[in-house]
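Given the structure is predicted, the values throughout are model-derived calculations rather than measurements.
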Amino acid sequence: MILTFTTAIILTMLLLLISFWIPIMKPDAEKLSPYECGFDPLGSARMPFSMKFFLVAILFLLFDLEIALLLPMPWASQLITPTMTFFLATAILILLSLGLVYEWLQGKLEWAE
């Protein structure tokens with residue numbers, strides 16, 4: 001027990017010291033400038049919000065959520081009765097696909113105004 005604790009402390013200190021020696025710290029204007037949401041940090045703060053950025057962010061969240069909901073599928077196939085899980089996964093995919101088709105037909109996914 002004491003050997004494990006001592007090894008953990010020594011390894012932690014060693015990694016901490018190495019982390020201060022290895023990085024090359026040469027700050028330049030690009031690294032020091034704040035950059036958020038695709039806006040120019042030196043421009044006006046009253047610029048209109050980019051709808052393209054918002055659309056990409058929402059689509060990313062939507063499909064990221066879809067992946068998170070479908071992640072347990074390989075384990076669900078090992079269950080005794082995986083039918084319900086496959087049915088729910090199919091329902092999620094159909095619902096998201098119908099939503100995508102609806103948005104596409106409404107013209108909401110157009111990049112140009």
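By the criterion of side-chain heavy atoms lying less than 4.5 angstrom apart, applied directly or through intervening Ile, Leu, Val, Met, Phe, Trp or Tyr residues, W104 is grouped together with L96 in one hydrophobic cluster.
The structure places CG of L98 at 12.0 Å from CD of E103, a figure rounded to the nearest 0.5 Å.
Through direct or indirect side-chain contacts shorter than 4.5 Å among Ile, Leu, Val, Met, Phe, Trp and Tyr, L95 is connected to no other residue.
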When the side chains of residues 1-17 are checked against the rest of the protein, which donor-acceptor pairs come out under 3.5 Å, sequence neighbours left out?
{"from": "T6", "atom 1": "OG1", "to": "I2", "atom 2": "O", "distance (Å)": "2.7"}
{"from": "T7", "atom 1": "OG1", "to": "L3", "atom 2": "O", "distance (Å)": "2.7"}
{"from": "T12", "atom 1": "OG1", "to": "A8", "atom 2": "O", "distance (Å)": "2.7"}

